[in-house]
Amino acid sequence: MKSSNRFVLSLIVALGIVCGAAGRGDAAPKKLVSIVVTPSNPSIVLGTTLQFTATGTYSDSSTRDLTKSATWRSSAKPVATIGNAAGSKGTAISRAAGTTTITAKSGRISGSTILTVTALVVITVSPANPTIALGTTLQFTATGAYSDGSTQNITTSATWTSSAASVAIISNVTGSKGVATSKAAGTTTIMAASGSVSGSTTLTVTSAVSEGNNLLPISVNGSLCSANSYINKPCVSVTVCTPGTTTCQAIDDILLDTGSFGLRIFKQALNVSLLQVVGSSGSLAECVQFGDGSEDWGPIQRAGVKLGNEPEVQVPIQVIDSTFGTLPAACRNADRSPAVAGFNGILGVGLFTHDCGSACAHSARNGMYYSCSGSICTGTSVPLSNQVQNPVALLPQDNNGVIVRLPNIPRGGLPSVDGSLVFGIGTQSNNVPSGVTVYPASQVGEIVTNFSGNTYNSFIDSGSNGLFFPSSGLLPNCPSPVSAWFCPTSTMSFSAVNAGASGSPSGVVSFEVGNFINLMNSFNSVFADVGGNGAGQFDWGLPFFFGRDTYYGFEGSASSLGTGPYFAY
Amino acid sequence: MKTRRYTLSFGLVLLLALFATSHQVQAALGEPVDSVESDREALSAVKGAITVHTGYTVHQVDSDSTSVREYVSSSGVVFAIAWNGLVHPDLTQLMGSYAGEYERGLEQTPREPGRRSLLVETNRIVVEKWGHMRNLQGRAYLPALMPPGVSVDEIK
């Protein structure tokens, strides 16, 4: 080891002496041997220019930049010309699609390369001829096809126009290029242009929100949400009436939640009086808990509830009131106000018709329902008719399920988006299923999701504001204080496989997760690509809903998709 | 094999101990196995199965609202609990002497609206909750008392 090191060292010293001697002895004039033109065989788009470089190699193997001294020539001047004036030496200007040989010459020595000029031939705008609901937005994409057969996404470089700005406008602002925002029902031609080439498609805007009596507008971080709402919050307005009267109140900032069942409204937001439901020996009250450990406590009262233009239904709801009676241990930390919870109430329209079901009808120790006499509250059983119920299941016609309909949103998000909660499945012309797969759910409303080699119980929940799942080391958490979210350096694409509770059918779901901190810097509030680490389950939150209809078939109710509980999309 | 037989007979002894102890006021996490009984009383639950695993046994107690599974090491200490049901169980009882540490940890954990899960991590305990209406779930464990070779994924 030691001796071989010594050998290498002496070899290096010897070579150094030889080289040094050769360098000192070189006095003959050096001759230009060859010229190389770079970049080699380039391709440029018509309308652009390219700077070439000529490099000369000499008899002593040294090189020199000859760009400014060489004579430049283009073999096909109609395709591209090349500059020979000071300041433009070696700069090729494209003139037409085709190929030309670019040559640099110095004395009798020359070098050349082939320049290809491709022309933008066609621009295709996609999606083709889409229809969107009034109040929603849509991201268009422009794809350029070139004379050499290649294609390129030119959404960000194209110039976008809308022929009827009263129907929809389209953005040319960096970050939202190609996003159309609907303004009124009608049609407009959306055009993307680059130079003299353009492509177009027809955008139809329908006034979906006002068509049909079975729709409830959803506003994600828009006009139906309170100011300073947390991100990805779907809000609805619900009208609550004193039963049997016309004394009614519309209450907005109600969270649309497909992960729970029944209507709950904070006492602070309620101005109309309701009818207290009687428990076993006093006033019926409930402690409802959520997955994050938060708790809502308060009396159960019968209300007249109007959902959109559907007929009013009489239904027990929970009035959230942490001052009612005495808080049971299970609701020790019950939310005190809308400000603490982040909303005025919750409209639970998920897979089940009752918030507890038969378990609470048969046992007083169900942990949820209590009967309060004075301040003393004790556990009680509750017949199904007195439990908090999914009000949609009580509608006269559109009662077998709901569809959550939200538009696509672009990467990077939007300030707000609007959509619809559609009542009924196959009960009217606007809720007939087409092209959806039905995923039967378990008795607790879950399906299964296979992600990164692991299988999780999962659910599709509009009340979750991100995609929450065990990251399996695939995604880094953001730094504190937002470590509950993922912060990959760039947006990452994933896929998972959803399957019915019994394992079939199954289907792939693709999704993206971006850097939460970067996204939040945009001042947008609605994002299709936010997620965070969560133990034990795969929670398909609001990002799942964008750009699709998500169906919820109620337990025991039949539709053309089968008998619930099922998810379909 | 030898270990398993030992654990099995140890489990039987513990089972007898369960019947013998009726008025223990000790709680569960970090406590001897007989605290399972006091948890059972506090939760108004009935005893479910005891299942034997490599390195630990799982004692299930079922109430009308929630199933609780207590993970007992071969040295007889409850090192983890897991649950699922209509409500999360009262952790004041199940966390035993760690209840105060949990409460302080909970107070310091910021509210994440729109979330369907919770992680409370302190020096000695990890508590996770997740789920949705009709299936609320969670687990609590003492990382320092986890038997060697037992993965957190087994606590479910």
Practice item. Mind checking ring pair (Phe, Tyr, Trp, His ring centres under 6.0 Å) for Phe290(A) and listing every partner two or more places apart, or none if nothing turns up? Key: none
Can you tell me which portion of [X] sits under 4.5 Å from chain B's heavy atoms? Options are side chain, backbone, both or neither.
X	answer
Leu542(A)	neither
Phe468(A)	side chain
Ala484(A)	both
Ala329(A)	side chain
Phe343(A)	neither
Val288(A)	side chain

Give the atom names and distances for all donor-acceptor pairs closer than 3.5 Å across chain B and chain A.
from      : atom 1 : to        : atom 2 : distance (Å)
Ser44(B)  : OG     : Arg365(A) : NH1    : 3.1
Asp64(B)  : OD2    : Ser363(A) : OG     : 2.4
His88(B)  : N      : Gln289(A) : OE1    : 2.5
His88(B)  : NE2    : Phe290(A) : O      : 3.1
Asp90(B)  : OD1    : Arg332(A) : NH2    : 3.4
Thr92(B)  : OG1    : Arg332(A) : NH1    : 3.2
Thr92(B)  : OG1    : Arg332(A) : NH2    : 3.2
Arg111(B) : NH1    : Asp335(A) : OD1    : 2.9
Arg111(B) : NH2    : Asp335(A) : OD2    : 3.0
Gly114(B) : O      : Asn465(A) : N      : 2.9
Arg115(B) : NH1    : Ala484(A) : O      : 3.0
Arg115(B) : NH2    : Ala484(A) : O      : 3.1
Arg116(B) : O      : Gln537(A) : NE2    : 3.4
Arg116(B) : NE     : Asp461(A) : OD2    : 3.2
Arg116(B) : NH2    : Gly463(A) : O      : 3.4
Trp130(B) : N      : Gly291(A) : O      : 3.4
Gly131(B) : N      : Gln537(A) : OE1    : 3.2
His132(B) : NE2    : Glu446(A) : OE2    : 2.7
Arg134(B) : NE     : Cys356(A) : O      : 3.3
Arg134(B) : NH2    : His354(A) : O      : 2.7
Arg134(B) : NH2    : Cys356(A) : O      : 3.3
Asn135(B) : ND2    : Glu446(A) : OE2    : 2.9

Check your understanding: For Leu145(B), what residues pass the side chain to side chain contact (heavy atoms under 4.5 Å, CB included) criterion, not counting sequence neighbours?
Key -> Val77(B), Phe79(B), Leu142(B)
**Study point:** Contact winner vs chain B - Gly463(A), Gly259(A), Gly534(A), Gly342(A), heavy-atom pairs under 4.5 Å
**Key:** Gly463(A)
Point to revise | Minimum-distance pair of heavy atoms, taken over all atoms of Gly367(A) and Val87(B) | key: O-CG1, 3.5 Å
Review point. Given a strict heavy-atom distance threshold of 4.5 Å, which part of Leu106(B) is in contact with chain A: side chain, backbone, both, or neither?
Key: side chain
Point to revise | Residue pairs involving residues 341-353 of chain A (criterion salt bridge (charged side-chain N to carboxylate O under 4.0 Å, His left out); sequence neighbours excluded) | key: none
